[in-house]
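Worksheet: the structure to be examined is printed underneath.
Just so you know, these numbers come straight off a predicted model, no measurement behind them. Within every chain, numbering begins at 1; the chains are lettered A, B, ... in the order of the sequence lines, protein sequences first and strands thereafter.
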Amino acid sequence: MRVSQLFGTTLRSAAEGELISHQLLLRAGFVQQLAAGIFSYLPLGQRSLEKIRTILREEIDAIGGQELSMPVVHPGELWQRSGRWQKVDQTLVRFQDRRGRDMALAMTHEEVVADLTAAQVSSYRDLPRIVYQIQTKFRDEPRSRGGLIRTREFLMKDSYSLDRDYQGLQSAYRRHFRAYFRIAARAGLPVAAVLSDVGMMGGGMAHEFMYLSEVGEDTLIFCPSCGYAANQEVAESRAEAAEVAPMVAVEEVPTPGSTTVAEVAAVLGVEADRIAKTVAYTAEMARGQTGTLVLAVVPGNVEVNLAKLRNVTGAIELRVATEAEIAAAGGVAGYMSPVGLDKVAVFADDRLSRKRNLVAGANRAGWHLRNFNLDRDCPTATVVPLASVVSGEACVNCGHSLELRRGIEFGNIFQLGTEYSQSMGATFTDESGHSQQVVMGSYGIGLGRMLACAAEEHHDERGLALPISLAPYQVALVSVGADREVVDLAERTYTELRGLGLEVLWDDRDVSPGVKFADADLRGMPLRVTISPRSIKAGGAELKRRRGDPFTVQADQAAASAASQVRLMEEEMSSWVDQQMLPVEDLIKNTLGECP
RNA sequence: CGGGGCGUGGUGCAGGGGUAGCACGCCACUUUUGGGAAGUGGAGGUCGCAGGUUCGAAUCCUGCCGCCCCGACCA
């Protein structure tokens, strides 16, 4: 491709966006935004995306995946059958066709896969199978973020495993686990697998693959000693020993004006963790239904974990209750506790049941209670882990002190089980002639996000520095000036490079050399071949890696040398991948157990 | 949805009741050609939208819309 013919230009500056990946992808002319969270991919971005597609196809094919393609528009009836029509909030875009039928834009494809399976699979001989597609999803996120990190319309590789039993599911899960590490490594991304919430997918175990980054939106809990890794949404810590002090009678104490944990702690002279903090939420149990009040009680030094609360309440949406809602239930904002509020569902963090004689609200303005004991004073509470794990708490497995990191979710894997098979009637006949439900797994990777992560990981002050596996072109050919000799050699080298099967972007524009170099760097071209009066005088052509030192090769060897440089970079990449894969088998054994 | 910020040529910005400006980019010609060249000439803007105030609105007022950032959600 000649730059003079390329659709799309580089920009000197970009105002939009905080994230470096967002800015660079805009400036390098990879993407252009159409609306909030909706992007076009320009030819350069499209080529990088195509490389990602190829990696995904190769790796999912390698574990037995078969590519297919499913619709973007689904009949609402399908989602009604699975129950998600009611469960999922506005993230699922609903509309009606001309006949007034409910329709939905695909945000994921479990329903459709299960529906396909119902028709295509009928015998145990038809299992196991893995099917996948690389296709557009639309999720009307409340807020898109960080350029390509979170968009509303995005490309996703989604695969689905179909098995006759849970042992088969384990095997498919494991193969995806391994493949995801390879996929990330081939994109130059170091990732960690963490236990995760199943969210709207339902089902059993789930892992997220996280690219560790300070700009990540997720908080992750790691144990440096035993390798425990979990998203904070589901992370657990080891329980402290129960206190043995005798329970003392409850006593009301005045705390006028003290409505926060810090204020109450100061007034009463206790530590924050000696306070039972009560937070009221309004829980929406189904779409369109009026909310009901639920109380979450946690130690004053930690936060209520909404993912955990959502799971334990079964709510589809939770928001902090208003003062009016609290008052309607008999509570007083700032002085709340579950004591005496019989009609409200109460969920309490298990840490509280091991503590004795705490401070709690008195449900009376200006007053708190001393000597609150969860078991005695609120026996109706559901006691579960409800608070977020914080840095320094003890690992559930080994007791070592836990650490917090930030990460961007690049992919996830879910063990779904038979939930969708059941609602769509995906069954098969086993050897004994009995009908069984197909056991499903679901596995996603966002392509645009993967590109954004790669840009976060691989850049410098000059621009992108994508790994050769993702760069839109392997070689930037830069011709300097319009001398006959230069143009002839450039023309010849361009032809030869392409003849050798290399992807070349020739900057043949009539602009100054500085512009060409700056653009090649900004676009992150892995290898630069410069042909100029100076390089010819020095013996031929100059080769330079994106972050390496330049060297000169003979004119008639320019293409061949460039080709061997490219091959070298590809080999380096693949040995890096091998190195990344070294610990993975042990990791699988440790996190998923011995292979079934 | 709550909070904050911003909407002015392609891009980045200034202006703040009376002529719409700057830089980069773009077009033409000339001179240039190793790290975002120089000169000359030129094209390009319903100042987000609607209403209002005013002799007069990009500017003031009201409402709406859009985008970015922070929170609740996700690949």
Side-chain angles (χ1 to χ4, degrees), chain A residues 8-19 22-23 26-27 29 32-38 52 56 88-92 107-108 134-158 180 196-197 199-201 208-211 217-218 231 233 281-282 304 306-307 309-310 316-320 322 408-414 442-453 462-463 478-483 486 509-522 528 530-538 542 544 550:
Chain A
T9 184
T10 54
L11 298 173
R12 286 258 177 127
S13 49
E16 299 282 289
E18 292 279 301
L19 295 193
H22 188 189
Q23 290 173 11
L26 286 173
R27 285 186 50 209
Q32 186 179 314
Q33 184 165 351
L34 182 64
I38 301 178
I52 291 174
L56 289 165
V88 178
D89 65 4
Q90 310 240 306
T91 306
L92 177 67
M107 56 183 294
T108 176
I134 295 167
Q135 196 245 25
T136 300
K137 302 280 185 276
F138 194 91
R139 298 184 184 177
D140 195 3
E141 300 282 350
R143 184 161 85 85
S144 45
R145 250 206 68 185
L148 294 186
I149 294 290
R150 178 151 87 236
T151 53
R152 295 191 295 167
E153 179 181 308
F154 60 101
L155 273 176
M156 179 160 111
K157 183 290 297 172
D158 44 329
Y180 273 34
S196 68
D197 188 33
M200 67 162 177
M201 292 297 182
E208 289 167 342
F209 288 75
M210 291 284 182
Y211 162 56
E217 352 173 51
D218 287 276
N231 193 310
E233 292 173 352
Y281 292 89
T282 298
V304 175
L306 282 178
L309 184 61
R310 189 171 300 113
I316 63 163
E317 194 166 330
L318 282 173
R319 57 175 174 77
V320 174
T322 62
I408 300 172
E409 181 182 352
F410 122 99
N412 62 21
I413 58 180
F414 293 97
S442 156
Y443 316 85
I445 288 181
L447 280 78
R449 183 179 284 185
M450 208 168 142
L451 180 59
C453 289
R462 290 178 169 173
V478 173
S479 52
V480 176
D483 287 5
V486 168
R509 293 175 297 173
D510 180 22
V511 295
S512 75
V515 173
K516 298 186 180 188
F517 293 147
D519 278 352
D521 286 344
L522 177 58
R528 194 179 80 196
T530 308
I531 292 170
S532 67
R534 186 195 287 187
S535 77
I536 288 175
K537 199 174 291 175
E542 177 197 272
K544 181 184 174 300

If you draw a 6.0 Å radius around CD in A:Q32, do more than 12 non-hydrogen atoms from other residues or ligands fall strictly inside?
no
Show, in sequence, the C-alpha distance, side-chain angles and deciding distance for A:K137 and A:D158, and conclude whether the salt bridge (charged side-chain N to carboxylate O under 4.0 Å, His left out) test is met.
CA-CA 10 Å; A:K137 302 280 185 276; A:D158 44 329; 3.0 Å; yes
With the side chain of A:V515 defined as its heavy atoms from C-beta on, choose the nearest nucleotide among B:G34, B:C69, B:A37.
B:A37
Under a 3.5 Å cutoff on both atom distances, Watson-Crick or G-U, what's the dot-bracket for RNA chain B ([ ] crossing, | other strand)?
((((((((.[[[[.)..(..]]]].((((((.....)))))).....[[[[[..)....]]]]])))))))....
Would you find a donor on one side and an acceptor on the other, under 3.5 Å apart, between the side chain of A:Y180 and the backbone of A:G444?
yes
Assign each of A:A35 and A:R310 the nucleotide of RNA chain B bearing its closest heavy atom; nearer the 5' end lies the nucleotide of A:A35
Could you check which of B:C73, B:A75, B:G34 has an atom nearest any side-chain atom of A:S535?
B:G34
Can you say whether a donor on the side chain of A:T530 sits under 3.5 Å from an acceptor on the base of B:G34, or the other way round?
no
Using the closest heavy atom to pick a nucleotide of RNA chain B for each, name whichever of A:D519 or A:F209 lands nearer the 5' end.
A:D519
Suppose you measure atom C1' in B:G36 against the same atom in B:G41; what distance do you get, rounded to whole Å?
24 Å
Please check the phosphate of B:C1 (OP1 and OP2 only) for any side-chain N or O of A:Q90 closer than 4.0 Å.
no
Nearest listed nucleotide, side chain of A:D218, among B:C74, B:C69, B:G35:
B:C74
Heavy-atom contacts, protein to nucleotides 5-13 of chain B, under 4.0 Å, summarised as B (base), S (sugar-phosphate only) or - (none) per nt, yield ------SSS
Looking only at side-chain atoms of A:R449, point me to the closest of B:C69, B:A37, B:C74.
B:C74
Counting side-chain heavy atoms from C-beta on, which of B:C73, B:G34, B:G35 comes nearest to A:V480?
B:G34
Does A:R150 make a side-chain N or O approach to OP1 or OP2 of B:A75 shorter than 4.0 Å?
no
Compare side-chain N and O positions of A:R319 against OP1 and OP2 of B:C1 and report whether any pair is under 4.0 Å apart.
no
